[in-house]
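No experiment lies behind these values; they were computed from the predicted model shown.
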Amino acid sequence: MNRQVGHLHIRTQADEVGVSVITAAARACIQGAGGDPDAAAVIVYLLAADADRRTYVDSESEYIALTIDVVDDMVSMMFIDTGEPRIGEPDCLAPLIQLELVKSAVSTIIDRSVHTSVTFPLGAGAPTLVDGEEPGPGDESVSFRPGAPGDGLEVSRLFYRCYGWTYGHGSMYAPDSIDQAIEGGTRLVEVACSDSGDIVAHWAFTLHGPHLVESGMTVTDPRYRRRGIGKKLLSALIARAHHAGILGIYGEPVLTNVVSQLETREGGGFFCGLRVDVFPAMNTVGISTRAAGSRLSLLECFIPLQQLEPALIFIPERCTGFVGDIISAGSLPRTLQACPPAGYTMPDATVLSVSDIEDERAVLVVVDHVGADAADRLSEILDSARVRGAACVEVSLPAFDPGAANLDPLALHLAFCAFIPMASEAGDVLMLQWVAAAVVDTSDWQVLDQGVRGHVEAIVADIGESCPMDGPAVRLSR
């Protein structure tokens with residue numbers, strides 16, 4: 001006889017608050033039924049975030065609803081949303097189905113709403129270590145090699161073993177995406193393998209133009225930690241990047257632990273910025289267990305691999321203190337100037353592109369050339385983003401363009417974000433940011449030392465001064 005061990009029904013609004021509420025409810029239901037709450041939380045979060053993205057018609061009737069029934073050792077879930085119509089297997093769960101972590105998922109349209117039926121085992125989820133402690137370093141030998149096409153499925157399984165379904169980069173649960181990045185040469189990968197052939201550690205450098213790589217996607221199976229495997233992978237990647245003529249490594253250390261911050265220091269790097277509230281809140285498990293709360297923020301760092309050529313950069317006066325400190329910290333051969341050279345004539349038109357990342361409520365503006373209309377165009381973009389409920393807007397400026405020095409970040413409600421050497425094909429980049437949060441929540445941030453703390457606190461203070469919540473961005477006359 002089948003035995004029902006859990007039941008839930010909840011309906012809430014289709015927005016970021018609703019996503020958090022419905023995810024927390026699913027977590028509590030599965031935990032009460034004796035299963036792994038992270039499994040349900042990630043499935044519901046992915047469905048709810050996707051529903052939020054597809055819900056763009058301005059109507060108070062739009063909602064999301066969830067029904068969960070746990071019978072014996074199987075979870076049946078019905079997720080209902082009033083977003084854009086969809087039928088068939090939902091793309092947002094495809095990686096989990098491919099990895100056989102979700103048994104089935106299919107969407108149909110019933111009564112003017114999308115109904116997505118999902119089934120998965122009650123026992124599915126992230127592995128739990130005894131007493132919350134990692135196992136000590138084992139003695140099984142490992143071998144090291146470059147990542148290769150065909151590794152994608154094993155790499156996805158590795159991330160699942162370490163983080164369940166909660167790792168921030170969803171592409172690491174998509175084997176085809178991993179294989180394509182390696183085969184296409186856009187990602188340099190080093191892996192460690194056990195005697196049985198399993199991939200037990202992974203580190204990647206992602207190419208950003210001809211000069212820079214981004215370091216990340218670093219993970220080691222808990223059974224193989226504290227053996228120096230990560231350092232060997234990093235050394236191999238640095239050697240490959242140096243041989244390829246890459247000028248530097250760009251990284252984004254997390255603030256949920258100090259491990260990656262320490263790696264930056266030990267690798268000869270320096271900190272060059274802070275991206276605030278750039279990703280939605282999400283429960284994570286693994287090396288950085290974190291309950292969903294505030295949005296995620298990331299430090300910025302740079303590790304030079306080659307000697308940079310001297311260069312003149314043009315920085316708005318309000319940002320010269322930040323950039324000057326970064327130049328000093330990295331001993332960068334840069335001459336900083338807070339105004340265009342005498343006789344400089346600014347072109348009329350600004351050349352820029354805008355990326356609207358709807359499911360993350362983030363907007364990225366990349367300015368290629370600064371023209372006389374830059375302030376007006378940026379004001380319009382900021383106004384539109386705020387009206388549409390963006391949580392953050394980032395603006396990338398070419399620091400080698402004399403016109404960049406003419407911009408007034410404070411008048412545009414923009415704060416300093418980062419200064420990244422050689423981040424574009426043409427040279428250095430200055431990043432500015434607007435953050436919607438009236439007060440930045442730093443309560444769960446962890447920093448390596450007082451130097452990093454001072455860097456972080458100065459940027460947070462600038463956000464408090466530059467990003468008011470009231471009124472539109474100030475329009476400037478040309």
Side-chain angles (χ1 to χ4, degrees), residues 13-20 48-59 62 83-84 252 273-282 294-298 300 316 318-319 349-371 373-398 403-404 407-418 420 423 429-441 459-460 462-478:
Q13 65 267 34
D15 57 18
E16 191 172 43
V17 173
V19 171
S20 297
D50 179 68
D52 185 24
R53 179 185 62 79
R54 292 185 296 105
T55 302
Y56 49 81
V57 177
D58 187 14
S59 170
E62 292 171 335
E84 182 181 66
E252 295 188 322
L274 173 70
R275 300 175 66 198
V276 174
D277 286 359
V278 287
F279 294 113
M282 184 176 181
S294 58
R295 291 174 64 89
L296 301 182
S297 302
L298 298 168
E300 305 297 294
R318 184 173 176 84
C319 298
T350 298
V351 179
L352 58 77
S353 59
V354 181
S355 299
D356 195 342
I357 311 171
E358 292 182 1
D359 56 343
E360 296 177 1
R361 295 177 57 218
V363 176
L364 173 63
V365 184
V366 177
V367 179
D368 295 315
H369 298 288
V370 181
D373 63 345
D376 284 342
R377 293 196 63 187
L378 290 174
S379 293
E380 292 169 359
I381 293 168
L382 285 161
D383 289 350
S384 175
R386 293 173 66 179
V387 167
R388 289 181 288 111
C392 66
V393 179
E394 294 181 321
V395 178
S396 170
L397 294 174
L407 288 172
D408 182 352
L410 184 60
L412 291 166
H413 301 330
L414 291 170
F416 176 80
C417 178
I420 308 170
V429 164
L430 172 68
M431 297 287 296
L432 304 176
Q433 60 188 330
W434 174 82
V435 180
V439 178
V440 178
D441 182 4
I459 296 175
V460 170
D462 191 39
I463 289 171
E465 295 174 4
S466 303
C467 303
M469 291 294 292
D470 298 328
V474 177
R475 295 204 184 284
L476 302 180
S477 58
R478 297 183 185 178

Residue pair [X] / [Y]: nearest heavy atoms and the distance that separates them:
{"X": "Gly403", "Y": "Val370", "value": "O-CG1, 3.6 Å"}
{"X": "Asp277", "Y": "Arg295", "value": "O-NE, 2.9 Å"}
{"X": "Ala404", "Y": "Pro398", "value": "CB-O, 3.7 Å"}
{"X": "Ala390", "Y": "Val363", "value": "CB-CG2, 4.3 Å"}
{"X": "Ala385", "Y": "Val393", "value": "CB-CG2, 3.6 Å"}

Self-check item: Test log, rule side chain to side chain contact (heavy atoms under 4.5 Å, CB included), inputs Val278 and Glu394
Solution: CA-CA 9 Å; Val278 287; Glu394 294 181 321; 3.3 Å; yes

Any side-chain to backbone donor/acceptor pair from [X] onto [Y]? Under 3.5 Å, distance only.
{"X": "Ser384", "Y": "Glu380", "value": "no"}
{"X": "Arg361", "Y": "Gly389", "value": "yes"}
{"X": "Asp373", "Y": "Thr350", "value": "yes"}
{"X": "Ser396", "Y": "Val367", "value": "no"}
{"X": "Gln433", "Y": "Phe416", "value": "yes"}

Please round to the nearest 0.5 Å and tell me the distance separating atom [atom1] of [X] and atom [atom2] of [Y].
{"X": "Asp441", "Y": "Ser297", "atom1": "CG", "atom2": "OG", "value": "9.0 Å"}
{"X": "Trp434", "Y": "Leu414", "atom1": "CH2", "atom2": "CG", "value": "10.0 Å"}
{"X": "His413", "Y": "Leu378", "atom1": "NE2", "atom2": "CG", "value": "13.0 Å"}
{"X": "Cys417", "Y": "Ile459", "atom1": "SG", "atom2": "CD1", "value": "7.0 Å"}

Exercise. Side-chain contact test, heavy atoms from C-beta onward, threshold under 4.5 Å: evaluate it for Leu298 versus Leu274 and give yes or no.
Key: no

Quiz prompt | Side chains of Pro316 and Leu430 in contact at under 4.5 Å (non-hydrogen atoms) | solution = yes

Exercise. Just jot down the side chain to side chain contact (heavy atoms under 4.5 Å, CB included) partners of Ser466, sequence neighbours excluded, or say none.
Key: Arg318, Leu410, Ala415, Asp462

Quiz prompt | Leu432 vs Leu397, side chain to side chain contact (heavy atoms under 4.5 Å, CB included): CA-CA, chis, key distance, verdict | solution = CA-CA 8 Å; Leu432 304 176; Leu397 294 174; 3.7 Å; yes

Exercise. In sequence, state the C-alpha distance, the side-chain angles, and the governing distance for Val354 and Leu364, and then conclude on side chain to side chain contact (heavy atoms under 4.5 Å, CB included).
Key: CA-CA 6 Å; Val354 181; Leu364 173 63; over 6 Å; no

Exercise. Assess whether side chain to side chain contact (heavy atoms under 4.5 Å, CB included) is satisfied between Asp368 and Leu352, documenting all intermediate values.
Key: CA-CA 6 Å; Asp368 295 315; Leu352 58 77; over 6 Å; no

